[in-house]
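Some notes on the structure that comes next.
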Amino acid sequence: MDLKINNLHKKYSNGVYALNDVSLTINTGMFGLLGPNGAGKSSLMRTLATLQDADSGSVMLGDIDVLKEKEKVREVLGYLPQEFGVYPRTSATELLDYMAMIKGFSNKAERNEIVNNLLAKVNLYDVRKKAVSSFSGGMRQRFGIAQCLIGNPRLVIVDEPTAGLDPGERNRFYNILSEIGEQVIVILSTHIVQDVRELCTQMAIMDKGKVLFSGNTDDALYSIKGKVWERSIAKHELPEYQGKYKVISNKLVGGKPLIHVFSETLPGDNFTRAEENLEDVFFAKIGELA
Ligand code: ADP
């Protein structure tokens, strides 16, 4: 089953154009939607999750018209919003059981099985009797994934799920997500390049409401191949280089900035060719350089 988004537009009443002619085709597997804060990712996720209307355009999930047949979408949707909201002092088991009940699982024995399986899947079974309010950020996100998998959704949307997680938790979260992505469409919206690099084969880059790139991650790298150059400079030289070149990133290596610049040809000044990475693609695209 495919998700086909065509010419989606959304302008908020304050005049912000959050979705400006967004078109994407998304297949089964992990799809990374990468963009800086304010790019329009959440607006798109909320629209796909039937929580917000678009001004125009169409979205088809298989043969379901997402913008019109909201109930049908909700039956096959798992959604982990950016803000999951209030975490009550209820135990993980009780809260998940309650959520399964709301989703229509009225048989207690069946619900027990669903809840226990999901808690095991996200590695929270051992702490199932603890209050969700006492969970760490990473545990809450894993709980969020468990609730979004109730009822075996065919479309799973996770909005900025790894923000604020430590590396260990991020890895645990990645493992759970990649397992899910083998069978269903998973859309992962994020401003963290590492999320997409590690998990997704298909991706899009969005900024200011527009899709700047969509395709597979190899194509993304290919689009800037041979156009990224690097050199190490002194800290005080950074403004000068930023004025002279299209600097797409600078990070400290051994206390000195290692800059990556975007240029069709060798920029001179002792630059050498850099091995291009997804971060370069991201900054090159959002800087409208490539
Ligand atoms: P992202 O998820 O990529 O950070 P958003 O979709 O949240 O982006 O926001 C896109 C743009 O729309 C931003 O400029 C944001 O300030 C604006 N925006 C988001 N929600 C609303 C809203 N309800 N009303 C007005 N402007 C909004």
Side-chain angles (χ1 to χ4, degrees), residues 3-26 30-59 61 66-67 70 73-74 77-86 137 140-141 144-145 147-148 155-165 170 173-174 177 181 185-200 202-215 217 220 248-249 278-290:
L3 180 70
K4 286 199 165 70
I5 302 167
N6 281 314
N7 310 105
L8 213 54
H9 289 261
K10 174 73 182 181
K11 197 175 185 180
Y12 289 112
S13 51
N14 60 1
V16 173
Y17 221 151
L19 299 176
N20 189 351
D21 206 25
V22 170
S23 295
L24 290 169
T25 298
I26 301 177
M30 295 282 311
F31 185 93
L33 181 67
L34 188 60
N37 285 331
K41 304 182 299 298
S42 292
S43 298
L44 179 58
M45 301 296 97
R46 286 195 300 265
T47 310
L48 300 178
T50 73
L51 297 172
Q52 180 173 303
D53 290 324
D55 298 335
S56 62
S58 73
V59 182
L61 174 64
V66 173
L67 302 183
K70 294 185 182 174
V73 178
R74 287 172 197 162
L77 172 78
Y79 177 52
L80 177 59
Q82 201 169 351
E83 296 291 335
F84 191 48
V86 187
R140 285 178 188 200
Q141 285 305 70
I145 282 290
Q147 67 77 28
C148 108
L155 170 64
V156 171
I157 295 176
V158 284
D159 197 355
E160 298 273 357
T162 65
L165 298 190
R170 180 166 293 166
F173 197 78
Y174 284 168
L177 272 190
I185 302 173
V186 181
I187 307 177
L188 167 79
S189 127
T190 183
H191 65 275
I192 300 168
V193 177
Q194 189 196 351
D195 289 351
V196 176
R197 191 175 56 229
E198 301 214 2
L199 286 174
C200 307
Q202 297 288 311
M203 62 174 288
I205 298 175
M206 255 188 104
D207 193 23
K208 301 189 180 76
K210 288 192 171 165
V211 175
L212 305 179
F213 171 85
S214 75
T217 40
I248 48 180
S249 71
L278 212 48
E279 210 155 74
D280 294 326
V281 180
F282 179 53
F283 288 113
K285 300 285 179 198
I286 63 169
E288 287 176 323
L289 303 171

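All values below were derived from every heavy atom in this structure, side-chain atoms included, with hydrogens, water molecules and symmetry-related copies excluded. Read the numbers this way: they start at 1 and go in the same order the structure lists the ligands and their atoms.
- Looking at V59 and K4, their side chains never come closer than 4.5 Å, going by heavy atoms from C-beta outward.
- Protein heavy atom in closest approach to atom 4 (O) of ligand 1: G38 N, 2.7 Å.
- Counting non-hydrogen atoms of other residues, nucleotides and ligands closer than 6.0 Å to NZ of K70 gives a total above 12.
- Within 4.0 Å of atom 10 (C) of ligand 1, at least one protein heavy atom is present.
- In terms of protein heavy-atom proximity, atom 19 (C) of ligand 1 is closest to Y12 CE1, 3.5 Å.
- Side-chain contact between S189 and E160 is present, with at least one heavy-atom pair separated by less than 4.5 Å.
- Between Q82 and ligand 1, a contact under 3.5 Å exists for no N or O pair.
- Considering backbone and side-chain N/O atoms, V16 never comes within less than 3.5 Å of an N/O atom of ligand 1.
- Look at P36 and you'll find a heavy atom under 4.0 Å from some atom of ligand 1.
- Near A39, meaning under 4.0 Å from any of its heavy atoms, are these atoms of ligand 1: 1 (P), 3 (O), 8 (O).
- Of the inter-residue distances, the one linking R140 atom CZ with L80 atom CG reads 13.0 Å to the nearest 0.5 angstrom.
- Ligand-side atoms of ligand 1 in range of S42: 1 (P), 2 (O), 6 (O), 7 (O), range being under 4.0 angstrom from any heavy atom.
- Here the side chains of S23 and V211 are not in contact, with every heavy-atom distance at 4.5 Å or above.
- The ligand atoms of ligand 1 that sit less than 4.0 angstrom from a heavy atom of N37 are 4 (O).
- An N or O contact shorter than 3.5 Å links N14 to ligand 1 by distance.
- Side-chain atoms of S56 and N7, non-hydrogen and from C-beta on, never get closer than 4.5 Å to each other.
- No side-chain heavy atom of L33 sits under 4.5 Å from any side-chain heavy atom of M203.
- Atoms of ligand 1 found under 4.0 Å from any heavy atom of S43, numbered from 1 in the order shown, are 5 (P), 6 (O).
- Contact check for L44 versus I187: no side-chain heavy atoms found under the 4.5 Å cut-off.
- Within the structure, the closest approach of R46 to ligand 1 falls below 4.0 Å when heavy atoms are considered.
- Under 4.0 Å from ligand 1, not a single heavy atom of K11 appears.
- Counting protein heavy atoms under 4.0 angstrom from atom 16 (O) of ligand 1 gives zero.
- At least one heavy atom of G40 sits closer than 4.0 Å to an atom of ligand 1.
- Side-chain contact check for L155 versus Y79: every heavy-atom pair is 4.5 Å or farther apart.
- Between Y17 and K208 there is no side-chain heavy-atom pair separated by less than 4.5 Å.
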